[in-house]
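Working notes, beginning with the structure itself.
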Amino acid sequence: MTTYITTPIYYVNARPHLGHSYTTLVVDTFSRYRRLCGDDVRFQTGTDEHGEKIVEAAERESVSPKEYVDTISDAFRKTWPLLKIEPDNFIRTTNSEHIKTVQNILQKVHDQGDIYFAEYAGLYCQGCERFLTEKELVDGNCPDHQKPPEKRAEKNYFFRMSKYQDWLIEHIKENPEYITPERYRNEVLSFLKEPMEDLCISRPTSRLTWGIPLPFDENFVTYVWFDALINYLTGIDYPDGPDFNRYWDAAEHVIAKDILKPHAIYWPTMLKAMGMKPYKKLHVHGYWKVDETKMSKSIGNVVRPDELVNMYGLDTVRYFLLREMSFGLDASFSSDAIIARQNSDLANDLGNLFSRSLTMIFKYSGGVVPQQDESTLIDTDRELILAVENMLVTYRKSMDSFNFHLALRSVWEVIGMLNRYIVTNAPWELAKDPVNESRLHTVLYFLAECLRIIALVVQPVMPDASAKMVTTLNLEKALRSVNLDTAATWGLTIAGTKLNKPEQLFPRLDKKKKKQAQAPKAEKQKKKDIAPKEEDGLVTFDAFQKMDLRVAKVVAAEKIKKAEKLLKLTLEAPEERTVVAGIAKYYSPEELLGKSVIIVANLKPAKLMGVTSHGMVLAAKEKDADGNERLVLSTVSADIAPGSRVA
Ligand code: MSP
């Protein structure tokens, strides 16, 4: 079989956090699982790099959009290996091949009459980068971004999405597994009961230039969703690359519920308009929350994957995320929960089982898997075989339907049973009397055989722990070139195999570590003393005191090459320093000379377009009713010496 499985391509307005990591981990785990089943698998992820959000984020950092997207896209690419996530392709929407293909598709859909020009007025959420309907609002706010959308009216190009509404309803009804879990399928069908509006697919260049130019009108760029969704095709070299023919029919997308509508409605109708087969499946999961709130950069409660891996180890993080979330529902992240899983499921249950079993094989059988003696089999052994066989059925069914937590639960049931099997059969008692030798060997064989199967089924979730188990059990050769069908059946462990000395699989987290581990719970807590307190939005006096605000006099100012928005200021505060400010749109260098501005003087130096900035100039920004922005520098109301502290 062939599997083509994708993550969303992530916006580069934020560095990767646990939410992005979860989806990408799910896809990595599924890919590893399907490979274990013998599939030809292609796993794709990437970054979504156009649109207003990106321009704004670049502006905030005072760098060009290109420089900005390169940096953050790279941060995503570099995060995945830390989690042992191994995509086959990492796509970027600023890649020239992608741009060319998006333009070809737009031209085709335009030529066949499915794109038209019209005026539209509506409620636009910048966070979602789309118009929202009144119905979607909660207390007047976008439910995902907790902000009211803004009214917008402008002339734009529209995709005749409504033309494909009936076809889409039919398709979803005829294919019960097209959108899973079922609650999301129902949500989409219920949404489709209302007449669908056409989709605005352009943005005027007067407002946004950071996008793919429409091939039929240079005054517009492509709406970021129309551009982004096409990544699933350009990543496999649509329309005529060999990978396109090989993988498209098998395409499955994994997303969280925030982007259900673009994937369940825009994307299939776009494909239909292009004369293409719809993708095969859409898998939708819930949110990771911290303290009951969705983890997101805009809310500021993010947990970083690299910190988690440093703290708890790769396999623990992977196991925790997949075991703790029921796919489709929301889950809560907390340090306590991850420590509990580590100590109980991993160190206690699996870790202990592994080390006890290996220690006994070394002690009672010289580190060699003994021969089982069928004549000594008793009911507990038969129950164990049956439990392992049942587990394999549940495991595969659950993995195939993205119920990773159920797959793991079924494996842990067997682990629990094995720990009890050891107690019931008490090999240390059997070893006391040589008449029990064959029974002892059977028990030890059963332990080795079950560990082999466990090492295999945990591999997609915990590749490192599985590899350690495989090495210790000396199974590398035996498992090479096998798949789940052939390798997971009972009785393949070869008696006589010499085992390697066991290493500890998972350490227990002691109290000291636990203390440290709780510290980076979420970013906002780590920075508690400088960030506003969540509940009241207030900053402590101590936190404010840490900020060194100074009066500084502009002694020189100049534009920075290739950076339209930036000015390089030479300031006296009282010592001379260079500060780069994103104010070129609002001030000319000349009018700044001699002005006394206010700066944050103890900001970490940062390089912007090749110039190192030692501080930040403060300014006030406002937007008028027409949406025009104005910026005014903060100054002092009377003459005061440069370098004076502002407090
Ligand atoms: N760029 C679009 C997707 C275009 S796909 C053609 C986008 N990007 S995003 O950076 O906002 O990523 C959204 C996705 O990140 C979610 O659908 C989910 O996969 C993941 N998550 C982000 N925050 C999350 C949680 N708090 N919890 C779970 N997943 C989350 O939307």
Side-chain angles (χ1 to χ4, degrees), residues 1-10 16 19-47 76-91 177 180 231-237 242-244 246-256 263 279-285 305 309 314-315 317-323 325 327 392 395-408 411 455-467 470 479-488:
M1 258 178 64
T2 306
T3 294
Y4 171 39
I5 181 107
T6 67
T7 74
I9 46 169
Y10 303 110
H20 308 117
S21 306
Y22 174 74
T23 318
T24 319
L25 174 62
V26 159
V27 175
D28 182 74
T29 301
F30 189 74
S31 302
R32 288 174 187 271
Y33 162 69
R34 293 305 322 173
R35 283 199 179 103
L36 215 52
C37 294
D39 273 19
D40 166 14
V41 178
R42 184 172 173 100
F43 158 17
Q44 177 169 300
T45 186
T47 43
F76 272 93
R77 187 197 291 274
K78 286 185 177 142
T79 295
W80 305 140
L82 305 177
L83 287 160
K84 235 188 171 116
I85 287 173
E86 293 168 353
D88 299 298
N89 191 29
F90 186 98
I91 184 154
E177 305 240 302
T180 58
N231 92 83
Y232 300 132
L233 291 176
T234 48
I236 47 172
D237 295 334
D243 284 337
F244 171 66
R246 182 162 156 195
Y247 292 110
W248 179 249
D249 286 353
E252 297 182 50
H253 305 308
V254 182
I255 59 166
H263 281 82
Y279 57 79
K280 191 168 136 199
K281 279 183 181 181
L282 180 65
H283 307 273
V284 189
H285 65 77
V309 170
L314 168 79
D315 284 327
V317 174
R318 289 180 62 117
Y319 173 79
F320 169 78
L321 293 176
L322 292 161
R323 177 67 186 83
M325 181 176 257
F327 195 88
L392 286 170
Y395 171 86
R396 293 193 67 164
K397 206 172 110 208
S398 308
M399 293 294 279
D400 283 329
S401 57
F402 280 67
N403 284 305
F404 306 101
H405 67 297
L406 297 182
L408 289 170
V411 177
L456 192 74
V457 292
V458 299
Q459 189 266 340
V461 177
M462 297 191 287
D464 278 4
S466 165
V470 166
L479 291 186
R480 212 173 286 151
S481 74
V482 293
N483 67 36
L484 254 184
D485 288 328
T486 50

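Reckoned from all heavy atoms, side chains included, excluding hydrogens, waters and symmetry mates.
- The shortest distance between side-chain heavy atoms of Y33 and V461 does not fall below 4.5 Å.
- For D315 against P463, the heavy-atom pair with the smallest separation is OD1-N, 3.6 Å.
- Looking at heavy atoms from C-beta onward, T79 lies out of side-chain contact with R77 at the 4.5 angstrom threshold.
- For the pair D237 and R42, the salt-bridge criterion is not met [side-chain N within less than 4.0 Å of a carboxylate O].
- Separating the CZ atom in R32 from the CZ atom in R318 is a distance of 5.0 Å, to the nearest 0.5 Å.
- Y279 OH to H263 NE2: the interatomic distance, rounded to the nearest 0.5 Å, is 7.5 Å.
- Using a 4.0 Å cut-off between a side-chain N of Lys or Arg and a carboxylate O of Asp or Glu, D485 and R396 qualify as a salt bridge.
- Expressed to the nearest 0.5 Å, how far OG1 of T29 lies from CZ of F43 amounts to 9.0 Å.
- A donor and an acceptor atom, one from each side chain of Y247 and D40, are located under 3.5 Å apart.
- Counting all heavy atoms, side chain and backbone alike, V284 lies closest to A256 at CG1-C, 3.9 Å.
- In this structure, N483 and C37 approach most closely via the heavy-atom pair CB-C, 3.8 Å.
- Taken to the nearest 0.5 Å, the OG1 atom of T24 stands 8.5 Å off from the CG atom of L83.
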Stepwise side-chain contact (heavy atoms from CB on, under 4.5 Å) check, V254 with F30: CA-CA 10 Å; V254 182; F30 189 74; over 6 Å; no

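- Closest of all the heavy-atom pairs between Y395 and L484 is CE2-CD1, 3.9 Å.
- In this structure the side chain of K281 never reaches within 4.5 angstrom of the side chain of T180, judged on heavy atoms.
- The side chain to side chain contact (heavy atoms under 4.5 Å, CB included) test with T45 is passed by exactly one of I5, N231, T7: T7.
- When all heavy atoms of L392 and V457 are compared, the closest pair comes out as CD2-CG1, 3.8 Å.
- Atom CG of D249 and atom OG1 of T2 lie 9.0 Å apart (nearest 0.5 Å).
- Side chain of Y4 to main chain of D243: no donor-acceptor pair is present (N/O by atom type, distance under 3.5 Å, no hydrogens or angles).
- The aromatic rings of W248 and H253 sit tilted relative to each other, their planes meeting at an angle between 30° and 60°.
- Using cut-offs of 30° and 60° on the angle between ring planes, the pair H283 and F327 is perpendicular.
- For the pair L322/V26, a side-chain contact is recorded, criterion being any heavy-atom separation below 4.5 Å from C-beta on.
- No more than 12 heavy-atom neighbours from other residues, nucleotides or ligands sit within 6.0 angstrom of CD on E177.
- A donor-acceptor contact shorter than 3.5 Å is absent between the side chain of S466 and the backbone of M462.
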Given the rule in the side-chain contact (heavy atoms from CB on, under 4.5 Å) test, do R323 and F404 qualify, once you have shown the distances and angles that lead to the verdict? CA-CA 7 Å; R323 177 67 186 83; F404 306 101; over 6 Å; no

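- Here the closest heavy-atom approach between residue D28 and residue K84 is recorded as OD2-O, 3.4 Å.
- Distance check, rounded to the nearest 0.5 Å: CG of L282 to NZ of K280 gives 13.5 Å.
- Note on ring orientation: taking the six-membered ring where Trp is involved, the planes of W80 and Y10 are tilted (angle from 30° to 60°).
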